[in-house]
Amino acid sequence: MKSSELRQSFLSFFESKQHQIVESSSLVPGNDPTLLFTNAGMVQFKDVFLGADQRPYSRATTSQRCVRAGGKHNDLENVGYTARHHTFFEMLGNFSFGDYFKEDAIAYAWEFLTGVLKLPKEKLLVTVYAEDDEAYSIWKDKIGVPVEKIIRIGDNKGARYASDNFWAMGDTGPCGPCTEVFYDHGEHIWGGPPGSPEEDGDRFIEIWNVVFMQFNRSADGTMAPLPKPSVDTGMGLERISAILQGVHSNYEIDLFQNLIKAAAQAVGTEDLSSQSLRVIADHIRSCSFMIVDGVVPSNEGRGYVLRRIIRRALRHGNKLGQTQPFFYKLVAALDAEMGEAYPELRKLADRVASILLKEEEQFAKTLDQGMRILEEAIANLGDSKVIPGETIFKLYDTYGFPADLTNDVAREAGLEIDEAGFEVAMAEQRARARSASNFSMDMSGTVSVDGKTEFTGYAYLEGQSPVEQILVDGVSVASLQAGEKGLVILAETPFYGESGGQVGDQGWFRGPAAVKVTNTTKQGKVHLHHVEVREGTLNVGDVVTTEVDKSLRNATALNHSATHLLHEALRRVLGDHVLQKGSLVNAERLRFDFSHFEGMTPAELEQVEDMVNEQIRLNHETITEVMDIEAAKAKGAHALFGEKYEAQVRVLTMGADYSIELCGGTHVKRTGDIGLFKIVQESGIAAGVRRIEALTGKAAIDATRQTEVSLSKIAGLFKASKEAALDKVLALNEQARAMQKELEQLKSKLAAQAGADLASGAIDIPGGKLLVSKIDIEDPKGLRDLLDQLKSKLESAVILLAAEHDGKVSLIAGATKDFTAKVKAGDLIKFAAPFVDGRGGGRPDMAQAGGTNPAGIDAMLAAVPDWVQEQL
């Protein structure tokens, strides 16, 4: 049975048992900040098991894509070297949320394995938690498994419930016993049954795990029965495919064989048994699906894990002799294998390939440089079998060469790496980073409050309400006097509390006192009004008239509505991979952050701007509806990724279904109210994240008018019309370039003359010349050009030049090839730089440094000849 057929067979079987087929969730968990990646099928249902999320179904089944390549669950180093470790795998699962329990869960598992897949019953054995007599009886009496094939697994980790067959979501919370199904590959494979000393062998392989969420563990260790016991199961698609296809290794199944063949063709090898091909085939799966789910290569977090995996694959391709980009070509092969099951991959395949290609091109230089340095370090180890931690850290920190690649190279050379030393260096770097990034945070708006404020601001900008509570520095007070500041909670308010990227409203409370509202925030469901009493006294219990600043609210609404139109325009112009990554909407402008791997072209920006303005001109009505979350998704509403939504959500439709989003913000009544939309800047703010800043309404008109004024002034300087101003500027720029080129030519001539004069001052040393001199050149390029000319003129020489300008010192050192074995330019710089309070380094043939003590130049120049003689 092909892997794709097995996946569908599993889902169809449980669908026939009244399970809802639920799509695989993203590899980036939306409901668990403690996880780097989704690593199990139950992750997307975590809140359902905890009772924090209600679904319209009580039974579910999934084929969940998972990654274990970072954080607590990290299989990266084993991938390619074992039969069953992967960075990416698919977990088939069925779930019961307070519906069926042990008997049905066990019966379903056995029916699918032996009835649908027709695995021989005699090849299967099961484990149960030692204290779970109920599960044991079900297997023995209901299913008919012989007692010698039912293994009780007890507490083997020093405490009760500390067993491989007892699962817990954490130190507290839902937990319960597990039962597992194992497949016996036969006596010819080494290994013993679970619970035996030889259990780590490959003979008995776990294929199905059923977790019975039966208890709720409290902080004191008390186990209380859950009111709605649940079931969470998992079966690895790759493992069960290997069994059904009669192979021992997961890499021998149809899915991997096709990827391995594609990888072999891409790197140009015919050895299909290569472990490197296994690594590449595994890694194209994890890398592609990470990118599909919005992760892009970077130097931190999930992006760093992705970059590590990509670079590990590239290193293995390089090991097989492929020095040209190849990894990106495998996306098409992966699409052929998995695109039907995961349409999001098929839709974004070109985008994935483009990102991988760019990363390949960027890493090519890193790989060559890093491998040279690493090979040199290995050659200098002598009798040692351990690569020092400082070498690993230098490769990682300076050259971007991942530590796991160093580990791979070490393993192949029969060496080890000093992991402890590397971690010490990493810890020191983190400490330096923390020290350099200390900042303070205003926590004045964070208080502990309960209850709910009724928000009336969608319909009204004015109202009346009693003052329910006044807080100063988090403490309740009875009143505020004139000149005092605090937080005020009302029973109801038209003031919008800052959320969803939209700033909080400002305005006034009128009544016994005149109170300025400077901001409005939210704590849970309570609106906190940040106030300053201007006149009179504000007391708890006073009834105040609330007045939102209409001009600020209206201007903010223009910008907020424009972000919705902008979001949809970006998706239509750039592609469906565009996801909102953040926003800030106030009265002055809008800022919109979104996922995109490269800067937008002027043509793309123009197309987006035109699309938004077209929707504005069409002047469609803005329609707001409140509906349940599933209905909103069915309507096609876009949700902000990772945002937690209530069961009932507010759906905003703009432009005759042009834009449909979940949003609790305030908006215009018609798109035409926005007036004009003008992009003022597009920039990158992080790896794979771009930012657009734009103006609307009067602010956009004012900006356009200012541009006209500036253009008129430029035209006036040239005594030309505005239409002719661009040609005049282009001509002036061309003239400036010509003058710059002429200036560089003159500098080169002067440098050549200076070189001829300096060369005459060189002194004899064994094997050539030594030139040590102070010169008058500020330009770094001029220094390098002069050094090259002197090396060429002197033929065999060691050279050190020093230049002083603006109280700073520039040093450059060079050595011709025949000297670098004894006198390295980098070593010369390290010797010379401290004289001028500087530091630097470089290659054996050329090195540079900067310093801050010009007074040390003469002493340095005097000391260099003796140092050079010592090296010779």
Side-chain angles (χ1 to χ4, degrees), residues 7 10-11 14 19-55 57-76 86-99 105 166-176 178 180 206 208-213 216-217 226 228 230-239 285-286 288-295 301-302 305-306 309 341-342 344-345 579 629-630 633 639-645:
R7 184 193 299 115
F10 180 89
L11 296 174
F14 280 100
H19 288 62
Q20 173 69 44
I21 297 178
V22 180
E23 289 183 1
S24 170
S25 65
S26 169
L27 286 173
V28 180
N31 61 344
D32 192 341
T34 68
L35 285 178
L36 197 63
F37 294 104
T38 297
N39 56 24
M42 62 79 61
V43 170
Q44 70 165 307
F45 301 118
K46 181 176 179 180
D47 287 345
V48 183
F49 286 124
L50 291 172
D53 184 11
Q54 298 295 322
R55 300 286 177 96
Y57 46 82
S58 59
R59 300 180 176 203
T61 184
T62 64
S63 176
Q64 174 65 50
R65 52 182 187 267
C66 303
V67 161
R68 291 186 180 175
K72 179 180 178 182
H73 299 286
N74 187 354
D75 292 336
L76 182 59
H86 304 291
T87 56
F88 174 95
F89 62 95
E90 292 180 79
M91 186 64 77
L92 304 171
N94 59 285
F95 307 87
S96 165
F97 311 119
D99 192 325
F166 195 91
W167 179 89
M169 192 173 287
D171 293 335
T172 61
C175 57
C178 309
E180 299 170 324
E206 175 200 335
W208 199 315
N209 183 22
V210 186
V211 175
F212 303 121
M213 294 191 192
N216 185 51
R217 177 158 44 194
L226 286 171
K228 292 184 177 181
S230 299
V231 173
D232 159 26
T233 83
M235 178 170 65
L237 173 66
E238 294 81 4
R239 286 191 179 192
R285 302 208 305 163
S286 55
S288 295
F289 278 105
M290 283 187 202
I291 294 171
V292 165
D293 287 333
V295 182
R302 297 182 178 98
V305 175
L306 172 58
I309 299 174
Y342 297 103
E344 56 270 44
L345 170 66
L579 296 173
I629 185 69
E630 294 303 322
K633 291 179 180 178
L640 183 59
F641 182 76
E643 190 81 3
K644 181 68 178 175
Y645 293 99

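Please read all numbers here as calculations on a predicted model, not as lab measurements.
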Steps toward side-chain contact (heavy atoms from CB on, under 4.5 Å) verdict (Leu36, Val305)
CA-CA 9 Å; Leu36 197 63; Val305 175; 3.6 Å; yes

Looking at [Y], is its backbone amide N or carbonyl O close enough to the side chain of [X] to form a donor-acceptor pair, meaning the two atoms are under 3.5 Å apart?
X: Gln44; Y: Glu23; answer: yes
X: Thr38; Y: Ser26; answer: yes
X: Thr61; Y: Gly93; answer: yes
X: Thr87; Y: Arg68; answer: no

Answer yes or no: is there a side-chain heavy-atom contact under 4.5 Å between [X] and [Y]?
X: Ile629; Y: Lys633; value: yes
X: Phe88; Y: His86; value: no
X: Met42; Y: Met213; value: yes
X: Pro174; Y: Asn216; value: yes
X: Phe89; Y: Arg239; value: no
X: Phe45; Y: Thr62; value: yes
X: Leu92; Y: Arg7; value: yes
X: Arg285; Y: Arg65; value: no

Going from [atom1] on [X] to [atom2] on [Y], what distance comes out if it is rounded to the nearest 0.5 angstrom?
X: Glu238; Y: Met91; atom1: CD; atom2: CE; result: 8.5 Å
X: Ser58; Y: Gln20; atom1: OG; atom2: CD; result: 10.5 Å
X: Asn94; Y: Phe10; atom1: CG; atom2: CZ; result: 5.0 Å
X: Cys66; Y: Leu237; atom1: SG; atom2: CG; result: 11.0 Å
X: Ser288; Y: Glu344; atom1: OG; atom2: CD; result: 12.0 Å
X: Trp208; Y: Thr233; atom1: CH2; atom2: OG1; result: 5.5 Å

Provide the closest heavy-atom pair for [X] versus [Y] in the form atom of the first, atom of the second, distance.
X: Val67; Y: Asn39; answer: O-CB, 3.8 Å
X: Ser230; Y: Ser96; answer: CB-O, 2.9 Å
X: Tyr57; Y: Val22; answer: OH-CG2, 3.4 Å
X: His19; Y: Ala60; answer: CD2-O, 3.3 Å
X: Asn209; Y: Cys178; answer: OD1-CB, 3.6 Å

Mind checking whether Phe97 and Phe95 have parallel, tilted or perpendicular rings, split at 30° and 60°?
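Parallel.
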
Using side-chain contact (heavy atoms from CB on, under 4.5 Å), reason through Val292 and Tyr342 one step at a time and then give a plain yes or no.
CA-CA 10 Å; Val292 165; Tyr342 297 103; over 6 Å; no

